[in-house]
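A, B, ... follow the sequence lines: proteins, then strands. Residue 1 opens every chain.
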Number of protein chains: 2
Amino acid sequence: MTNRDAIEIFHNYLATKNLKHSEQRMSILQDFLDSGKHLTAHELFVLVQKKTPSVGFATIYRTLKLLCECGLCRELKLDDGTTRYEYQDETQHHDHLICTKCGKFVEVLDPEIERLQDKLFDAYGFLPQRHRLDLYGICKSCNK
Amino acid sequence: MTNRDAIEIFHNYLATKNLKHSEQRMSILQDFLDSGKHLTAHELFVLVQKKTPSVGFATIYRTLKLLCECGLCRELKLDDGTTRYEYQDETQHHDHLICTKCGKFVEVLDPEIERLQDKLFDAYGFLPQRHRLDLYGICKSCNK
DNA sequence: TATGAAGTTGATATTCATTATCATGATGAA
DNA sequence: TTCATCATGATAATGAATATCAACTTCATA
Ligand SMILES: [Zn+2]
Ligand SMILES: [Zn+2]
Ligand SMILES: [Zn+2]
Ligand SMILES: [Zn+2]
């Protein structure tokens, strides 16, 4: 999925909800897409401020919420209590390896784990919605 | 592991840290063990208050922190933003199936998933510390 | 069992992330 | 251009968790 696709998804979502375009929303989406990282709301705020200093903090949160609603963003509640937001490509689910020393994120996917998770849902009669798999450890460069 | 074992672990931990016994700490630990559930700090506070009304909220948090430090308690940061605390038996790790409608927790363990997780740590050169696997869905009774 | 240093407590204030409020400004269909 | 509707930034408010502090326990020692 290209950035253009993502922007179109956002536009369509706004349209179906009778919401309006705004420079702020586009500016935030652009930086969110460009960063390609797992950002905190504050980190995104700093990024956006560089180009559009007038944008307020509340609008960052408001826009992140919209992006989550239309499936472009995933909110990550981490064990250290922080919340991070990442661009989500519906077609490419992934889980995370996280270094507890330097905070590095590695995106991982094990199809077999995914399959076994579905089996667990099934075994207990649950209708699957989503899952969170975070693997916390110490990365190679921190473990010297 | 029996409750007696858990209490001894706690006592030993206090001793090694030059911390002291107190009625409040014992009262909180007792209710924590007896509940056998995934409690919020507030839910535990209510439980403890029934027997020991003088206990303050801060002491609940302080004691939960100690219990986590000595390995008797696991803190669960959930996707809905709530934090729950559960009794942790070091010898019996488990993950969670969580109903997003009624909040039901089911404890699950798939040895194969556990094994594949270790392989992921290994493949990326991470030293494993812990993981969080939460499976969110709708349970049988909520899905009628 | 009395003493006192060190740890603990409850109440309260404080912090921090997030959300709600509201007057003002922007959007876009007609 | 008009105007109903929505969006915005600033600010206040919320809620969970932590820090502060004077008064109270605990417990090793005398
Ligand atoms: Zn996954
Ligand atoms: Zn990611
Ligand atoms: Zn597990
Ligand atoms: Zn559990």
Among the clusters formed by ILVMFWY side chains lying less than 4.5 Å apart, do A:Leu64 and A:Ile7 turn up in the same one? yes

Before giving the answer on side chain to side chain donor-acceptor pair (under 3.5 Å), spell out for B:Glu107 and B:His38 the whole-Å C-alpha distance, their side-chain angles and the decisive distance to 0.1 Å. CA-CA 10 Å; B:Glu107 310 201 327; B:His38 310 81; 2.7 Å; yes

Strictly below 4.0 Å, heavy-atom distances to any atom of DNA chain D: list the hits from residues 65-86 of chain B, or just say none. B:Thr83

Using atom CD of A:Gln49 as one end and atom P of D:dT8 as the other, report the distance to the nearest whole Å. 14 Å

On DNA chain C, more 5' by nearest nucleotide between B:Lys17 and B:Ala58 is B:Lys17

Step through it carefully: locate the ring centre of B:His93, locate the ring centre of B:His131, and say whether they are under 6.0 Å apart. yes

Distance in angstrom units between A:Ile60 CD1 and C:dA17 P, rounded: 15 Å

Passes salt bridge (Lys or Arg N to Asp or Glu O under 4.0 Å), A:Asp110 versus B:Lys119? Steps please. CA-CA 10 Å; A:Asp110 184 324; B:Lys119 277 186 66 179; over 6 Å; no

Distances for protein N or O near nucleotides 27-30 of chain C N or O, under 3.5 Å:
residue, atom, partner, partner atom, Å
C:dT27, O2, A:Lys20, NZ, 2.8

Using OP1 and OP2 only, check whether a side-chain N or O of B:Tyr61 sits under 4.0 Å from D:dA17. yes

d(NE2, A:His42; P, C:dT19) in whole Å: 16 Å

Rounded to whole Å, please give me the gap between CZ in A:Phe57 and C1' in C:dA17. 8 Å

Do B:Arg84 and B:Phe105 have side chains that approach each other closer than 4.5 Å (heavy atoms only, starting at C-beta)? yes

Side-chain contact, heavy-atom cut-off 4.5 Å: A:Lys65 with A:Glu75? no

Under 4.0 angstrom between B:Arg62 side-chain N/O and D:dT18 OP1 or OP2: no

Looking only at side-chain N and O atoms, does A:Arg25 come under 4.0 Å of OP1 or OP2 in D:dC6? no

Judged by atom type as modelled, is there a donor-acceptor pair below 3.5 Å linking the side chain of B:Thr52 to the main-chain atoms of B:Ser54? no

Any Lys/Arg nitrogen of B:Arg130 or A:Asp79 sitting under 4.0 Å from an Asp/Glu carboxylate oxygen of the other? yes

Separation of atom CG in B:Leu14 from atom P in D:dT25, rounded to whole Å: 19 Å

Identify which nucleotide among C:dA17, D:dT8, D:dT18 has an atom closest to any side-chain atom of A:Thr59, counting heavy atoms from C-beta outward. D:dT8

Report the distance from atom CE of B:Met26 to atom P of C:dG7, rounded to the nearest whole Å. 17 Å

Provide, to the nearest angstrom, the distance between the CG atom belonging to A:Asn18 and the C1' atom belonging to C:dA26. 17 Å

At their closest point, which heavy atom of B:Lys20 faces which heavy atom of B:Arg25, and how far apart are they? O-NH1, 2.7 Å

